[in-house]
Amino acid sequence: MRAAVCTAHGPPEVVCIEERPAPGLLPGQVRVRVAAAGVNFPDVLLIAGRYQLPVPPPFVPGSEFAGVIVETCGDTGGFAVGDPVTGTVLHGAFATEVAVPAAGLTRVPDGVPLRTAAAFGVAHRTAYHALRSMARLTAGQELIVLGAGSGVGLAAVQLGVALGAQVTAVASTAEKLAVAGAHGAGRRICHRDTDLRAALREVLPGGADAVIDPVGGDLSEPALRSLRRGGRFVTVGYASGVIPRIPLNLVLVKGVHILGFQFQDVAPEEFTRNEDELGGFLVSGRARPHIGAVFPLSEAAAALRHVADGRAVGKVVIDLTD
């Protein structure tokens with residue numbers, strides 16, 4: 001099989017394309033011929049050796065894929081050869097084949113392209129669980145999304161609108177804000193052109209109910225200050241590369257809540273509810289990922305660089321169908 005391989009920890013350019021043996025199967029696993037793989041910021045961190053779960057090189061990066069099952073081993077819970085599926089792994093998705101436990105796969109619904117399925121899972125699931133179970137967002141509330149042009153950020157814009165919220169998008173370029181507007185963000189702020197704290201005060205004089213923050217850095221504190229009493233600030237990640245230092249007196253004085261999002265912290269019954277609702281959005285077309293760039297496998301390093309430099313608008317996908 002052909003695969004992108006991280007030969008040593010470092011920048012995206014350490015990734016090269018190699019021929020590797022196809023992975024073997026264990027009982028309960030399936031082999032998937034990968035059609036498309038989503039590129040996510042944690043992939044960049046894993047390659048750099050800066051992710052919280054380090055992987056020693058050499059390894060195949062890539063955490064999100066969609067394709068067709070070509071082989072099964074043992075009891076695979078009803079999955080069979082020919083089934084279109086999507087799934088996530090810590091690494092291994094940037095290859096023409098991947099061997100994974102069948103229990104972690106999801107069937108791709110009829111009518112949903114494999115490229116769409118590959119771009120949907122990580123960003124939209126992160127955004128939706130954060131909105132529903134952490135931010136507790138309900139119809140009519142005011143939502144601020146930082147990094148609104150990123151995969152998670154744009155998914156949060158789209159899903160916040162689907163939940164009936166009024167969305168204020170914050171991003172770094174006019175292009176990213178235009179896409180956020182096309183997905184329903186009624187207010188849009190370019191943080192590089194203005195003082196974010198003042199801009200948020202102007203457009204939200206009564207404050208916001210919730211903030212989704214996948215960026216961190218200098219954007220977090222102004223967004224936190226914009227919350228009304230009882231508001232919820234959900235930290236999802238630190239794409240800026242800087243973990244913010246929040247003055248705790250703001251939390252005390254404003255009576256707001258700061259919550260960290262991880263999938264394992266979502267209650268089981270809520271997790272099932274959220275997944276069912278999100279699947280319904282995908283099937284109905286109310287939530288579909290915006291794919292801003294597509295790269296062939298041979299340009300996997302360029303795809304990773306595109307994400308690392310913050311140039312991605314929505315999702316970046318690697319096409320493995322050639």
Side-chain angles (χ1 to χ4, degrees), residues 6 9-12 38-55 61-64 88 90-91 121-131 133-135 143-157 159-160 168-173 176 180 189-192 196-197 200 208 210-227 231-248 250-251 256-266 303-316:
C6 174
H9 286 140
V39 185
N40 298 289
F41 191 72
D43 300 327
V44 176
L45 296 178
L46 200 69
I47 291 165
R50 295 167 47 209
Y51 195 60
Q52 57 260 40
L53 298 173
V55 176
S63 55
E64 181 178 28
T88 58
L90 178 61
H91 59 88
V122 170
H124 277 72
R125 290 178 68 233
T126 297
Y128 198 68
H129 286 287
L131 288 168
S133 291
M134 301 299 169
L143 170 68
I144 296 170
V145 178
L146 304 181
S150 67
V152 171
L154 197 52
V157 169
L159 293 167
T168 298
V170 177
S172 59
T173 69
K176 292 177 180 180
I189 299 172
C190 181
H191 63 81
R192 290 183 176 172
L196 181 57
R197 182 180 177 185
L200 287 171
V211 172
I212 297 293
D213 179 12
V215 180
D218 295 337
L219 304 185
S220 299
E221 185 177 331
L224 179 67
R225 289 181 181 275
S226 73
L227 286 171
R232 288 84 63 203
F233 183 101
V234 184
T235 176
V236 178
Y238 311 103
S240 68
V242 178
I243 298 173
R245 300 190 177 205
I246 299 297
L248 286 179
L250 292 178
V251 181
V256 297
H257 307 270
I258 298 178
L259 305 114
F261 170 76
Q262 294 190 77
F263 283 107
Q264 61 262 38
D265 293 331
V266 180
L304 289 157
R305 172 54 65 190
H306 194 72
V307 171
D309 288 348
R311 290 183 286 131
V313 181
K315 289 290 294 190
V316 173

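Keep in mind that the numbers below use all heavy atoms, side chains included, and drop hydrogens, waters and symmetry copies.
Inter-residue side-chain proximity for T168 and I189 is flagged as met; some heavy-atom pair is nearer than 4.5 Å. Looking at heavy atoms from C-beta onward, V215 lies out of side-chain contact with Y238 at the 4.5 angstrom threshold. D213 is not listed as a side-chain neighbour of V236, based on a closest heavy-atom distance of 4.5 Å or more. Residues E221 and P244 fail the side-chain proximity criterion, which asks for heavy atoms closer than 4.5 Å. At least one side-chain heavy atom of I246 sits less than 4.5 Å from a side-chain heavy atom of L224. Here the side chains of L131 and L143 are in contact, with some heavy-atom distance below 4.5 Å. Residues I212 and I144 form no side-chain contact, since every pair of their non-hydrogen atoms from C-beta on lies 4.5 Å or further apart.
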**Report entry** Evaluation steps, side-chain contact (heavy atoms from CB on, under 4.5 Å), between R305 and R311
**Finding:** CA-CA 9 Å; R305 172 54 65 190; R311 290 183 286 131; 3.9 Å; yes
Requested in this report: Could you give me the CA-CA distance, side-chain angles and deciding distance for H257 and R232, then say whether side chain to side chain donor-acceptor pair (under 3.5 Å) is met?
Outcome: CA-CA 5 Å; H257 307 270; R232 288 84 63 203; over 6 Å; no
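Under a 4.0 Å N-O distance rule, the pair K315/E64 qualifies as a salt bridge.
Shown here for P214 and V152, the closest heavy-atom pair between the two residues is CB-CG1, 4.3 Å. When all heavy atoms are compared, the tightest approach of G217 to S240 is N-OG, 3.3 Å. In terms of heavy-atom proximity, K176 sits nearest to S172 at NZ-OG, 3.5 Å. In terms of heavy-atom proximity, A127 sits nearest to A156 at CB-N, 3.6 Å. Counting all heavy atoms, side chain and backbone alike, L154 lies closest to G314 at CD2-CA, 3.8 Å. L200 and P222 make their closest contact through CD1-O, 3.9 Å (heavy atoms, listed as atom of the first residue, atom of the second, distance).
Rounded to the nearest 0.5 angstrom, F233 CZ and L250 CG are separated by 11.0 Å. How far OG of S63 is from NE2 of H91: 11.0 Å, rounded to the nearest 0.5 Å. Atom CG of residue L196 and atom OG of residue S220 lie 10.0 Å apart, to the nearest 0.5 angstrom. Atoms CZ and CG, on R197 and D218 in that order, are 14.0 Å from each other to the nearest 0.5 Å. In this structure, CZ on R50 lies 12.0 Å from NE2 on H9, to the nearest 0.5 angstrom.
Between H129 and F263, the gap from one ring centroid to the other is short of 6.0 Å.
Judged by distance alone, the side chain of S133 and the main-chain N or O of A130 form no donor-acceptor pair under 3.5 Å. For D43 (side chain) and N40 (main-chain N/O), a donor-acceptor pair under 3.5 Å exists by modelled atom type.
Residue D265 qualifies as enclosed at atom CG: its count of foreign heavy atoms under 6.0 Å is above 12.
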